[in-house]
2 protein chains.
Amino acid sequence: MQTISRENYLKAILKLEGRADIVSNQALADKLETKPASVTSMLHKLADEGWVKHEAYKGVQLTGEGKGIALATLRKHRLWEVFLVEKLNFGWDVVHQWAEELEHIGGEELTNRLDAFLGHPAFDPHGDPIPNALGKWKDGRNLVQASQAEPGSVVLIKGVLNSGEEFLQHLNTMHIQLGLQLIVVQRYEFDDGLVLEWPDGRQATISHETAQNLLVEMKQN
Amino acid sequence: MQTISRENYLKAILKLEGRADIVSNQALADKLETKPASVTSMLHKLADEGWVKHEAYKGVQLTGEGKGIALATLRKHRLWEVFLVEKLNFGWDVVHQWAEELEHIGGEELTNRLDAFLGHPAFDPHGDPIPNALGKWKDGRNLVQASQAEPGSVVLIKGVLNSGEEFLQHLNTMHIQLGLQLIVVQRYEFDDGLVLEWPDGRQATISHETAQNLLVEMKQN
DNA sequence: CAATAAATTTAGGTGTGTCTAAAAATATTG
DNA sequence: CAATATTTTTAGACACACCTAAATTTATTG
């Protein structure tokens, strides 16, 4: 039996709060790959700790303290991902699971030292912003899904909406990576797929779904 | 309830095998701070996995596979300790507990990358040798307990026999650290305490117990 | 070598996070 | 707005590592 940590519950609630105002047990169960009954049970414990507010049948919300723990965990996760990629030279596709374990180790002091060692990175290897020691981040970037880019525009790859191993490996085979500059050559009518041009002049097509999961900065039009 | 991992059991058996040929449940229970009944129960599971040979009432022994896992875990533990001290600038007195958690993360690939990143260190921050990827180490050093050093001899601090936080912090207050060169000035008759002289000429006394837990290389006599 | 002491194992129980199935509450829809 | 569908909760079990206490085996000693 794979047991899910309290911190992972809090992190999942944090992420779901970003999208919908109320977080349902169903959504949590799906995200954490567990059963609604288990979610209910754990929410009671989190509420007892004062980390969430939970009203029966009404959904769940992080308290200030709960959000703090969730953000600290997210920070640790993303810092460790930077470590694994920048220092140990792993690919962005393989670091998530290790970071999922590393994020539970040590407290603020360890995290802050790691942060300093890494040079206070602002983004993780998937382009996600890293909260600072106070749980804040400033994301000055104005990113859009690649699927929104008009033909003729030049874009910079800055993030992904899907950090799953499978998707990232697909990007690897396409030679798509963070920082890459691409030209959107054409959009297909029938399936919304995009034809892209690489700096070396090579062209290739990505599906609409792939484009939806790619976050880009518009460089020029 | 603090649960003890299988790897920690194997590591503990490995260390106890170094001292006595048979490893008793009692010794394991003491080292792991648990109860003999819990040890018996876990030994059955380890035996089922094929990691130890356990004959009821007769003690336990690592199998080849078990020893491999124990050595790999020890390797990871010590490499992470090097990381925490060398890269994150923590003191040798605080890194053990974190390494105790870090050692369970990732497999060979992660460990080997960490090893390479750290420059293939041969010893951890407490002077303990780090097994290589094959579980071997060569310790060309000929270390003795500082308590054995004769007055007049010059010694180099190379290790400790007690890596507990308390003892290491005691060494910190005495300004004793790995690599330090000391002169053994005098031994007290009545309690076997040692008077040492630091490079700056300062002298201080350490107890016999402290000297027993300090491993030194004899530099000259 | 029998009596006693010590170590080990077994028996039975606890706490925690999970599960399935049934009951209860809320949402949806004809 | 009543019937139906969906979501959530409760009830009851299971797995796991732990515990205490009792039974068993091994070791020590007079």
Side-chain angles (χ1 to χ4, degrees), chain A residues 1-13 15-17 19-62 66 69-70 73 97 100-101 103-105, chain B residues 1-13 15-17 19-62 66 69-70 73 97 100-101 103-105:
Chain A
M1 185 210 323
Q2 167 55 21
T3 130
I4 304 161
S5 69
R6 278 137 213 258
E7 285 172 349
N8 274 193
Y9 268 92
L10 296 176
K11 230 175 39 171
I13 298 167
K15 287 181 183 172
L16 291 172
E17 276 185 347
R19 295 185 217 154
D21 217 45
I22 48 144
V23 175
S24 72
N25 287 21
Q26 194 71 70
L28 266 174
D30 289 349
K31 189 168 236 305
L32 294 170
E33 295 183 297
T34 185
K35 298 288 177 280
S38 307
V39 171
T40 300
S41 162
M42 182 57 80
L43 290 183
H44 286 153
K45 291 165 195 166
L46 297 180
D48 286 352
E49 296 277 7
W51 296 334
V52 302
K53 264 198 351 208
H54 180 237
E55 219 180 324
Y57 297 102
K58 300 293 186 188
V60 69
Q61 230 185 335
L62 290 175
I69 296 171
T73 307
Q97 276 311 314
E100 202 62 32
E101 302 180 51
E103 73 186 11
H104 302 298
I105 293 173
Chain B
M1 189 211 320
Q2 168 56 20
T3 129
I4 303 161
S5 70
R6 279 137 215 262
E7 285 172 349
N8 273 193
Y9 268 92
L10 296 176
K11 230 176 38 172
I13 298 168
K15 287 180 182 172
L16 291 171
E17 275 185 347
R19 295 185 218 154
D21 216 46
I22 48 142
V23 175
S24 72
N25 287 22
Q26 194 71 70
L28 267 174
D30 289 348
K31 189 166 236 303
L32 294 169
E33 295 183 296
T34 185
K35 297 288 177 279
S38 306
V39 171
T40 300
S41 163
M42 181 57 81
L43 290 183
H44 287 153
K45 290 165 196 165
L46 297 179
D48 286 350
E49 296 278 7
W51 296 333
V52 302
K53 267 202 342 215
H54 180 238
E55 217 179 326
Y57 298 102
K58 300 293 187 190
V60 69
Q61 230 185 335
L62 289 175
I69 296 171
T73 307
Q97 276 311 311
E100 201 62 32
E101 302 180 50
E103 73 186 10
H104 303 298
I105 293 173

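Just so we're on the same page: letters track the sequence lines, and every chain starts at 1.
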Checklist entry - Expressed in angstrom and rounded to an integer, what is the separation of B:L46 atom CG from C:dT9 atom P? => result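 About 13 Å, once rounded to whole Å.
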Next on the checklist: If I compare all heavy atoms of B:T73 with all of B:E103, which pair ends up nearest, and what's the gap?
Outcome noted: CG2-CD, 3.6 Å
Checklist entry - How would you list, by chain and number, every residue that makes a salt bridge (Lys or Arg N to Asp or Glu O under 4.0 Å) with A:E100, sequence neighbours excluded? => result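 So A:E100 forms a salt bridge (Lys or Arg N to Asp or Glu O under 4.0 Å) with A:K11.
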Item to check | salt bridge (Lys or Arg N to Asp or Glu O under 4.0 Å) involving A:E7 - partner list, sequence neighbours excluded | outcome: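 Residues passing salt bridge (Lys or Arg N to Asp or Glu O under 4.0 Å) with A:E7: none at all.
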Next on the checklist: As an exercise, state the distance from CD of A:E101 to CD of B:E101, rounded to the nearest 0.5 Å.
Outcome noted: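 Atom-to-atom, A:E101:CD and B:E101:CD are 11.5 Å apart.
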Only pairs under 3.5 Å count here: list side-chain donor-acceptor contacts from residues 25-51 of chain B, not counting sequence neighbours, and write none if there are none.
{"unit_1": "B:N25", "atom_1": "ND2", "unit_2": "B:T40", "atom_2": "OG1", "d": "3.1"}
{"unit_1": "B:T40", "atom_1": "OG1", "unit_2": "B:P36", "atom_2": "O", "d": "3.2"}
{"unit_1": "B:W51", "atom_1": "NE1", "unit_2": "B:E65", "atom_2": "OE2", "d": "3.4"}

Checklist outcome for this item: Once base and sugar-phosphate atoms are separated, protein heavy atoms under 4.0 Å mark nucleotides 8-19 of chain D, 5' to 3', with B, S and - as BBB------BSB
